[in-house]
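Everything below concerns the one structure shown next.
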There are 2 protein chains.
Amino acid sequence: MSNASSAIERFSRYPMGESQSVCCPVRDVLDRIGDKWSMLMIMALATRPHRFSELHRAVHDISKRMLTQTLRDLERDGLITRHVFPTKPPGVEYRLAPLGHSLLDPMAGLIDWADRCYGDIHAARARFDGTHGDAPRQAFSNRS
Amino acid sequence: MSNASSAIERFSRYPMGESQSVCCPVRDVLDRIGDKWSMLMIMALATRPHRFSELHRAVHDISKRMLTQTLRDLERDGLITRHVFPTKPPGVEYRLAPLGHSLLDPMAGLIDWADRCYGDIHAARARFDGTHGDAPRQAFSNRS
DNA sequence: TGGGGAGGTCTACTATAGAGACCGCCTTCG
DNA sequence: CGAAGGCGGTCTCTATAGTAGACCTCCCCA
């Protein structure tokens, strides 16, 4: 918590109240890497460069469309780079840019936390669903 | 990178290839806190407990619907707690649970990174949009 | 000659988020 | 007395984003 409080404080400097989302790095960064696939891509690329299809195989349940889009967005933000090799059938390799590399450390903290607290979260979830609801499917749904 | 590599390695133990999303803490946790609002809620609650309307004012551009849902989900996962005070008009207070508190530290790392690299990301984005596209609006869109 | 992989794009479908109206309860103001 | 407004939500409608999966070109290999 030692360094957390300072970060929270730093964060608090960015007012959230008046459509300031544009000037709040947290919102901005979260919108980018907080989506379903970006972090997974970064993690996959953390060990070594990957080809498009390798990434597709590595993640399997991403659609090609989302794979392309996620890679484009990450490239656009300078987190990964895209290299085309003009071989016979052109090969494309994606690799982590330095900026992407610098993300690994903070991400590792999160992964660590996820790993540690996974069980607690599921326990809490089960407890909530048991105590609180008869229909444990979703806590909040658009049931028609 | 020192501790990052170990975390990456730990992550790699969870295969992503065979619909293993259910057993991968990273995916699981990311789906929860990686959404647009959860982290913002946690950050808002980091300093002190908040009432429902306080949170709404603090974030302003969240709809009540999403606010309710986000709070429910966080409560369900044991990250925050919800206290109802049976005062004249019942008041509801949300506060961080210990589990939520333990998230602050890893989150701080990310906020820190966001703060540091915000500029780089925007620079990269501008460069990409300039070099790469005539229509800098979106890198990938469903244009009809 | 036709199957398969690479590296995508396109279209159609559907789940999700967001806007904003509404609600019961209570207090306060004119 | 009647209206206004805050609290803590829920409900419905619509716009948007994600998903599945067909399709495409180029090349290699048997």
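These numbers come from the heavy atoms of this one structure, side chains and all, not from hydrogens, waters or symmetry mates. All values reported here derive from a predicted model rather than from experimental measurement. Here is the naming used below: chain letters follow the sequence lines, and residue numbers restart at 1 for every chain.
- Between Asp77(A) and Arg127(B) there is no salt bridge, since no side-chain N of the basic residue sits under 4.0 Å from a carboxylate O of the acidic one.
- One atom, CD of Glu75(B), and another, C1' of dG8(D), lie 14 Å apart when rounded to the nearest Å.
- A salt bridge (Lys or Arg N to Asp or Glu O under 4.0 Å) check over residues 46-56 of chain B, counting only residues at least two apart or in different chains, returns the pairs Arg48(B)-Glu54(B).
- Of the listed nucleotides (dG8(C), dG18(C), dG9(D)), dG18(C) has the atom at the smallest distance from the side chain of Trp37(B).
- The phosphate of dC22(C) (OP1 or OP2) has no side-chain N or O of Arg65(B) nearer than 4.0 angstrom.
- The residue among Ser53(B) and Pro90(A) whose nearest nucleotide of DNA chain D lies closer to the 5′ end is Ser53(B).
- Whole-Å rounding puts the Ile62(B) CD1 to dG8(D) C1' distance at 14 Å.
- In this structure, the CZ atom of Phe52(A) is 20 Å from the P atom of dG4(C), given to the nearest Å.
- Atom NE2 in His60(B) sits roughly 12 Å away from atom P in dG18(C) (whole-Å rounding).
- In this structure, Met66(A) atom CE and dA15(C) atom P are separated by 16 Å, rounded to whole Å.
- The side chain of Arg51(B) contributes an N or O atom lying less than 4.0 Å from OP1 or OP2 of dG8(D).
- Looking at residues two or more places apart in sequence or on another chain, you find a side chain to side chain contact (heavy atoms under 4.5 Å, CB included) between Ser63(A) and Arg65(A), Met66(A).
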Checking side chain to side chain contact (heavy atoms under 4.5 Å, CB included) for the pair Leu71(B)/Phe52(B): CA distance, chi angles, key distance, verdict? CA-CA 9 Å; Leu71(B) 291 170; Phe52(B) 184 87; 4.0 Å; yes
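- Remark: Leu103(A) CG to Arg116(B) CZ distance equals 9.5 Å, nearest 0.5 Å.
- Checking the phosphate oxygens (OP1, OP2) of dA6(C), no side-chain nitrogen or oxygen of Tyr94(A) falls inside 4.0 Å.
- The separation between His56(B) atom NE2 and dG6(D) atom P is 13 Å, rounded to whole Å.
- Note on Lys64(A): every side-chain N or O is 4.0 Å or more away from OP1 and OP2 of dA22(D).
- Residue Phe85(A) is out of contact with every strand shown, counting any heavy-atom pair closer than 4.0 Å.
- Taking side-chain N and O atoms only, Arg82(B) has a distance below 4.0 Å to OP1 or OP2 of dG9(D).
- Nucleotide dC7(D) holds its P atom 12 Å from the CG atom of Leu55(B), rounded to whole Å.
- Distance from the side chain of Arg72(A) is smallest to dG8(C) among dT19(D), dT10(D), dG8(C).
- Rounded to an integer number of Å, the gap from Leu67(A) CG to dA20(D) P is 13 Å.
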